[in-house]
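Lettering follows sequence order; numbering is per chain, from 1.
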Protein chains: 2
Amino acid sequence: MAEEKQDENVVFVGGKPFMNYVTAVVMQFTKGASEVVVKARGKFISRAVDVAEVATKRFLNDQGVTVKDIKIDSEEFENKEGKKVNVSTIEITLGK
Amino acid sequence: MAEEKQDENVVFVGGKPFMNYVTAVVMQFTKGASEVVVKARGKFISRAVDVAEVATKRFLNDQGVTVKDIKIDSEEFENKEGKKVNVSTIEITLGK
């Protein structure tokens with residue numbers, strides 16, 4: 001499996017230090033993005049919400065960046081034992 | 001602090017067994033509710049998303065219940081050391 005990706009306009013939240021993700025979001029807006037999508041799966045969903053809240057309220061408030069949309073969904077995948085399990089996902093769209 | 005409340009039309013997700021919350025949501029709709037709000041704070045946010053996904057996709061699909069709205073926010077509170085800390089919150093509105 002790949003690492004967490006930091007694609008253009010997408011920040012995928014995983015187990016790295018919290019402020020890495022906040023900084024990644026803030027940087028995207030500083031570089032001119034009008035929208036950034038914060039994504040996470042499973043237990044990292046809580047962290048994604050924290051990242052979105054801290055980025056918008058503490059760092060991007062004066063730039064007028066707010067939460068524009070939130071989507072939740074589930075993905076099915078096979079675990080090591082070949083059993084199908086579901087994992088929840090979240091996509092939080094931040095924008096001006 | 002009070003226990004997790006199971007008010008009319010609100011299911012507050014905490015540390016009890018997962019299916020308790022799913023059952024609580026399903027029961028509200030069975031009893032005639034047209035909307036149920038799944039709420040959680042901090043690390044329980046991921047669980048609240050799981051509850052909403054399992055309730056809608058596995059149990060309430062044939063009743064036409066879907067995710068209508070999702071809000072995230074932060075609350076400030078004082079911890080035991082008297083220090084102000086922020087906690088993220090989520091409110092997932094399910095409805096027909």
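When hydrophobic clusters are built by joining Ile, Leu, Val, Met, Phe, Trp and Tyr residues whose side-chain heavy atoms come closer than 4.5 Å, directly or via intermediates, Val26(A) is grouped together with Met19(A). Tracing side-chain contacts under 4.5 Å through hydrophobic residues (I, L, V, M, F, W, Y), one never reaches Phe44(B) starting from Phe44(A); they form parts of separate clusters. Note on Val36(A) and Phe59(A): same hydrophobic cluster, where clusters join Ile, Leu, Val, Met, Phe, Trp and Tyr whose side-chain heavy atoms are under 4.5 Å apart, directly or indirectly. Using a 4.5 Å cut-off between side-chain heavy atoms of Ile, Leu, Val, Met, Phe, Trp and Tyr, with links allowed through other members, Phe18(B) and Val11(B) fall into the same hydrophobic cluster. In the hydrophobic clustering of this structure, Val49(B) groups with Leu60(B); members are Ile, Leu, Val, Met, Phe, Trp, Tyr whose side-chain heavy atoms approach within less than 4.5 Å, directly or through other members.
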Step-by-step side chain to side chain contact (heavy atoms under 4.5 Å, CB included) determination, Lys57(A) to Asp73(B): CA-CA 10 Å; Lys57(A) 295 201 173 145; Asp73(B) 203 353; 2.5 Å; yes
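Separating the CD atom in Glu91(A) from the CD1 atom in Ile70(B) is a distance of 10.5 Å, to the nearest 0.5 Å.
With a 4.5 Å cut-off on non-hydrogen atoms, Thr56(A) does not touch chain B at all. Contacts of Val67(A) with chain B are made by side-chain atoms alone, with heavy-atom separations under 4.5 Å and no backbone atom involved. Of the atoms belonging to Ala52(A), it is side-chain heavy atoms, and not backbone ones, that fall under 4.5 Å from chain B.
The choice from Ala48(B), Ser88(B), Ser74(B), Ser46(B) that makes the most heavy-atom pairs within less than 4.5 Å of chain A is Ser46(B).
Nearest approach of Ile45(A) to Ile45(B), heavy atoms of both residues: CG2-CG2, 4.2 Å.
Heavy atoms of other residues, nucleotides or ligands lying less than 6.0 angstrom from NZ of Lys71(B) number 12 at most.
Using a 4.5 Å heavy-atom threshold, the side chains of Asn86(B) and Glu53(A) count as separate.
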